Every structure is written in structure tokens, then in C-alpha cells.
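Reviewing the structure listed below.
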Amino acid sequence: HAKRSGRNNYAGFESGMDAELRMRRILESDLGNAVARNELYLCFQPRIVLGEERIGSYEALVRWQHPERGLISPATFIPIAEQAGKIGEIGEWVLREACRQSLALLDGAAISVNVSAYQLRNRNFVETTLAILEEVGFPPTRLELELTESILIEDRDRALGVLRALKRHGIKVALDDFGTGYSSLSYLRTFPFDSIKIDQSFIRNLSIDESSLAIADAVIELGRALDLTIVAEGVETEEQLAILAGRRCDEIQGYLFAHPLPASEVMRQIPASIAAQIARTRLRPQGG
Ligand code: C2E
Ligand code: MG
Ligand code: MG
Ligand code: MG
């Protein structure tokens with residue numbers, strides 16, 4: 001009996017793996033048509049400038065509304081797109097659509113767009129980016145590209161060249177998910193970043209874990225010394241906000257102020273929700 005159930009468990013494990021692999025294959029093949037079939041859409045989440053209590057810019061975040069499988073998160077399908085060689089097409093769609101929607105629905109607000117390391121490997125990346133901005137009529141100075149540390153480690157010299165070219169054309173660059181990768185602090189000096197985004201894993205634990213607080217403190221100090229804009233992402237509570245405001249973090253992004261929303265809903269919902277949050281925060285004495 002034991003032997004038999006053992007085998008069954010093993011078989012169950014196998015078919016579990018099969019199912020996951022099969023799903024991956026399905027998504028991989030469906031991704032090929034997702035852009036053409038209009039199944040991708042964007043949400044926008046504001047970045048609040050502390051002290052000025054206004055929206056500085058919006059981050060564009062892609063979603064996939066799969067016809068049979070429902071809403072699929074970018075955390076699931078972006079890695080599949082990267083492996084399947086589809087990230088270039090998706091990335092170009094995201095950039096074009098983000099710029100277009102900013103002009104059409106967000107009063108031409110500044111936007112940031114996530115860029116995968118795979119996209120940067122394409123020799124035409126800078127050229128393609130500029131061509132899309134030109135085509136849509138979006139000013140390069142209103143665009144920020146969010147890159148992760150993996151980009152810098154892969155091919156340092158090439159990455160440096162790409163970042164410098166982007167900056168020459170007025171495009172800003174941010175280092176996303178800071179603290180989760182393997183790059184050294186000296187990278188912050190070497191690469192011409194405009195801002196760094198402290199990863200939400202540190203923000204989540206700010207009020208409960210001394211080491212997260214110490215890391216956030218160190219990043220804010222370093223960012224200030226290097227004259228970078230420091231953004232905290234994943235801010236969900238007033239306590240986290242108070243801690244960050246007390247340490248003069250520059251900008252805040254998170255559910256506390258607003259969830260990512262389609263651009264058509266941003267103007268209707270977000271200004272009121274932010275005003276309400278600011279009012280709530282002001283009503284409380286801030287211990288820091
Ligand atoms: P990211 O660039 O670090 O984006 C922040 C993620 O945190 C988003 O998840 C956002 O919805 C979520 N978030 C924002 N505020 C809060 C909060 O207060 N609490 C919590 N728990 N989460 C919050 P999302 O939209 O699921 O995106 C996940 C990741 O997928 C992004 O992380 C980014 O790495 C990638 N991604 C999204 N859109 C694109 C895209 O267009 N291109 C590429 N290459 N990657 C993308
Ligand atoms: Mg990002
Ligand atoms: Mg991030
Ligand atoms: Mg992330």
C-alpha cells in the first residue's frame with residue numbers, strides 16, 4: 001500500500017509539472033497573437049512627489065486579458081515572452097501605447113515604462129525607442145525607462161553606451177527594484193541614472209524589521225549624495241509613508257495612494273483618492 005501511494009504521489013507530481021509546462025507552452029504560443037488581437041492593455045500608477053503632494057508621473061504596467069484564461073499578470077507572461085523572443089514586439093507596443101495614452105487621456109503626463117534586459121540586447125533599441133517617440137509625438141524628456149540591475153551586469157560597457165545614448169536624447173533612466181539584484185553600489189555612480197526605486201520587499205518590512213529600515217536609510221542617503229531621485233514603491237500603509245517622509249524620500253508609489261488603473265479611469269478616480277489620502281495623513285501628528 002505504501003509503495004502504491006508513493007507511486008501515485010510521484011505520478012501526481014509528474015503530471016503537476018506537465019500541467020505547468022503545458023500551460024507555459026500554451027501561453028507562449030498564444031502570446032504570438034496577443035498584440036495583434038488586442039489582448040494586452042495598460043494600467044497606470046501615479047508616483048506622488050512628497051512635500052509637493054502632486055503626481056510627478058505615472059508608471060505604465062502591462063496586463064494580458066487572455067480570451068479563455070482570464071487576466072494574466074506581467075510577472076507570469078513577461079518571462080515567457082522573453083524566453084520566446086516576443087518581448088521586443090511587446091515592449092514596442094507598450095512604449096507606443098503608453099505615450100499615446102498619456103497624450104490622449106493623461107494630459108501628456110510624464111510616464112515611466114519598464115524595459116526588459118532582453119530588449120536592451122537588441123542593437124536597434126535606442127533607434128527604435130526614438131522612432132516610436134517621434135511617431136507618436138511624445139517628448140523624450142517626459143519619458144523615463146525603468147531598468148533592473150541584471151541589465152548592468154550582463155554587458156556593462158554596452159549597457160553604459162545605451163544609457164548614455166538615451167540620456168543624450170533627453171530620456172530619463174531609473175534603476176528599478178533596487179536592492180534585489182547583484183550590482184554593487186558603485187554602479188550607481190558609473191551609470192547615469194536619474195532615479196532609483198527602492199524595492200517593495202524593503203518597504204513592506206520598514207516598520208517591522210530593523211535591517212529593512214537600515215537598507216532604506218542607506219539607499220536614501222546614497223541617492224541624495226549622488227543627486228538621484230529616490231522613489232519608494234509598494235507603499236501600502238500610513239506608517240510606511242510617515243517613515244519615508246521623515247527620511248525625505250522624494251517620491252512614493254503604492255496602493256496607499258492608488259492602484260494601477262486604465263488611463264480612462266485614472267483621471268476620474270486618482271486625483272480624488274490622492275487628495276483624500278493627503279488629507280488623512282495631514283490629520284495625524286507625524287512621529288516620523
Ligand atoms: P515593477 O516594475 O517593480 O512594478 C511594480 C509592481 O508592484 C506592479 O506589479 C504594481 O502593480 C505593484 N504594486 C504597486 N504598488 C503596490 C503596493 O502598494 N503593494 C503591492 N503589493 N504591489 C504594488 P505588476 O503590475 O503586477 O507588475 C509586475 C512586474 O512586471 C513589474 O514590476 C515589472 O517588472 C514587470 N512589468 C510590468 N509591466 C511591464 C512592461 O510593460 N514591460 C516589462 N518588461 N515588464 C513589465
Ligand atoms: Mg517598474
Ligand atoms: Mg519595481
Ligand atoms: Mg519588480
Side-chain angles (χ1 to χ4, degrees), residues 31 34-35 39-48 55 57-65 71-102 110-122 125 128-129 132 143-151 172-181 193-207 216 219 229-241 244 251-263 266 270 273-274 277:
L31 255 185
V35 169
E39 291 166 5
L40 300 184
Y41 69 94
L42 295 182
C43 284
F44 292 84
Q45 186 182 34
R47 252 159 70 171
I48 314 304
I55 295 169
S57 61
Y58 294 88
E59 178 173 10
L61 295 155
V62 69
R63 273 99 184 83
W64 181 13
Q65 186 65 53
L71 186 60
I72 303 176
S73 140
T76 302
F77 76 83
I78 292 289
I80 298 177
E82 289 173 342
Q83 295 300 329
K86 303 270 162 53
I87 192 66
E89 187 196 356
I90 291 174
E92 287 171 27
W93 180 87
V94 167
L95 178 63
R96 181 178 295 110
E97 198 57 23
C99 294
R100 206 186 59 72
Q101 290 191 23
S102 167
I111 46 171
S112 39
V113 170
N114 294 284
V115 171
S116 139
Y118 288 73
Q119 289 174 263
L120 232 69
R121 278 187 205 154
N122 186 330
F125 177 75
T128 307
T129 300
I132 290 171
L143 174 67
E144 181 169 74
L145 298 181
E146 297 193 2
L147 316 172
T148 54
E149 290 164 89
S150 60
I151 285 170
K172 296 193 182 72
V173 281
L175 183 55
D176 202 355
D177 303 341
F178 186 70
T180 60
F193 288 109
D194 297 280
S195 45
I196 35 179
K197 302 186 77 171
I198 309 174
D199 191 67
Q200 31 184 295
S201 56
F202 303 112
I203 306 302
R204 191 177 308 130
N205 296 325
L206 268 187
S207 49
V219 174
T229 298
I230 306 128
V231 186
E233 61 179 6
V235 177
E236 294 183 354
T237 69
E238 291 182 20
E239 195 175 3
Q240 291 162 351
L241 175 64
L244 292 160
E251 299 186 15
I252 300 285
Q253 183 180 344
Y255 296 166
L256 179 67
F257 283 108
H259 284 252
L261 285 173
V266 164
I270 287 184
S273 87
I274 286 172
Q277 180 52 49

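Values reported hereafter were calculated over all heavy atoms of this structure, with side chains retained and with hydrogens, waters and symmetry mates removed. Whatever order the structure lists them in is the order used to number ligands and atoms, beginning at 1. Since the model is a prediction, treat every value here as computed from it, not as a measurement.
Checked by atom type, the side-chain pair Glu97/Gln101 shows a donor-acceptor distance below 3.5 Å.
No donor-acceptor pair closer than 3.5 Å links the side chain of Asp176 to the backbone N or O of Leu147.
As for Glu146, its N/O/S atom nearest the Mg ion (ligand 2) is the one called OE1. Taking the Mg ion (ligand 2) as reference, Glu59 places its N/O/S atom OE2 nearest. The Mg ion (ligand 3) sits nearest to atom OD1 when only the N, O or S atoms of Asp177 are considered.
Distance check: Leu241 CG to Gln277 CD gives 7.0 Å after rounding to the nearest 0.5 Å.
Of all heavy-atom pairs spanning Ile111 and Cys99, the tightest one is CD1-N, 3.7 Å. Contact detail for Gln45 and Ala258: the closest heavy-atom pair is NE2-O, 2.9 Å. Taking each heavy atom of Glu149 and Gly179 in turn, the nearest pair found is OE2-N, 3.5 Å. Of all heavy-atom pairs spanning Gly234 and Ile203, the tightest one is O-CG2, 3.8 Å. Shortest non-hydrogen contact noted between Thr237 and Leu256 is O-CD2, 3.6 Å. Of all heavy-atom pairs spanning Val115 and Ile151, the tightest one is O-CD1, 4.0 Å.
For ligand 1, the atoms lying closer than 4.0 Å to a non-hydrogen atom of Pro260 are 11 (O). Each of the atoms 17 (C), 18 (O), 19 (N), 20 (C), 21 (N) of ligand 1 lies under 4.0 Å from some heavy atom of Glu236. Contact atoms of ligand 1 toward Gln200: 5 (C), 6 (C), 7 (O), 12 (C), 13 (N), 20 (C), 21 (N), 22 (N), 23 (C) (distance under 4.0 Å to a heavy atom of the residue). Ligand 1 places these atoms under 4.0 Å from at least one heavy atom of Val235: 18 (O). Near Ser116, with a cut-off below 4.0 Å to any heavy atom, the atoms of ligand 1 are 44 (N). Near Pro74, with a cut-off below 4.0 Å to any heavy atom, the atoms of ligand 1 are 24 (P), 25 (O), 26 (O), 27 (O), 28 (C), 30 (O), 36 (N), 37 (C).
A salt bridge links Arg47 to Glu144: at least one charged side-chain nitrogen sits closer than 4.0 Å to a carboxylate oxygen.
For Glu233, every heavy-atom contact with ligand 1 shorter than 4.0 Å involves the side chain, none the backbone. Of the heavy atoms in Arg204, none comes closer than 4.0 Å to ligand 1. Of all the heavy atoms of Val113, none lies under 4.0 Å from any atom of ligand 1, so neither backbone nor side chain is involved.
Rounding to 10 degrees, one finds that the Mg ion (ligand 3) sits at the corner of an angle of 90° between Glu233 OE1 and Asp176 OD1.
Atom 45 (N) of ligand 1 has its nearest heavy-atom neighbour, among Ile90, Leu256, Asn114, in Asn114. Distances from atom 18 (O) of ligand 1 to the heavy atoms of Tyr118, Trp93, Tyr255 show the closest one on Tyr255.
Note on Ser112: not counted as a metal contact of the Mg ion (ligand 2), no N/O/S atom lying under 2.8 Å.
Residue contact annotation: Arg63 has a non-hydrogen atom under 4.0 Å from ligand 1. At least one heavy atom of Gln45 sits closer than 4.0 Å to an atom of ligand 1. At least one heavy atom of Glu59 sits under 4.0 Å from some atom of ligand 1.
Among residues two or more places apart in sequence or in another chain, the ring pair (Phe, Tyr, Trp, His ring centres under 6.0 Å) test is passed with Tyr255 by His259.
Put simply, the side chain of Phe178 does not reach to within 4.5 Å of the side chain of Ile198, judged on heavy atoms.
Ligand 1 has an N or O atom lying under 3.5 Å from an N or O atom of Val62, backbone or side chain.
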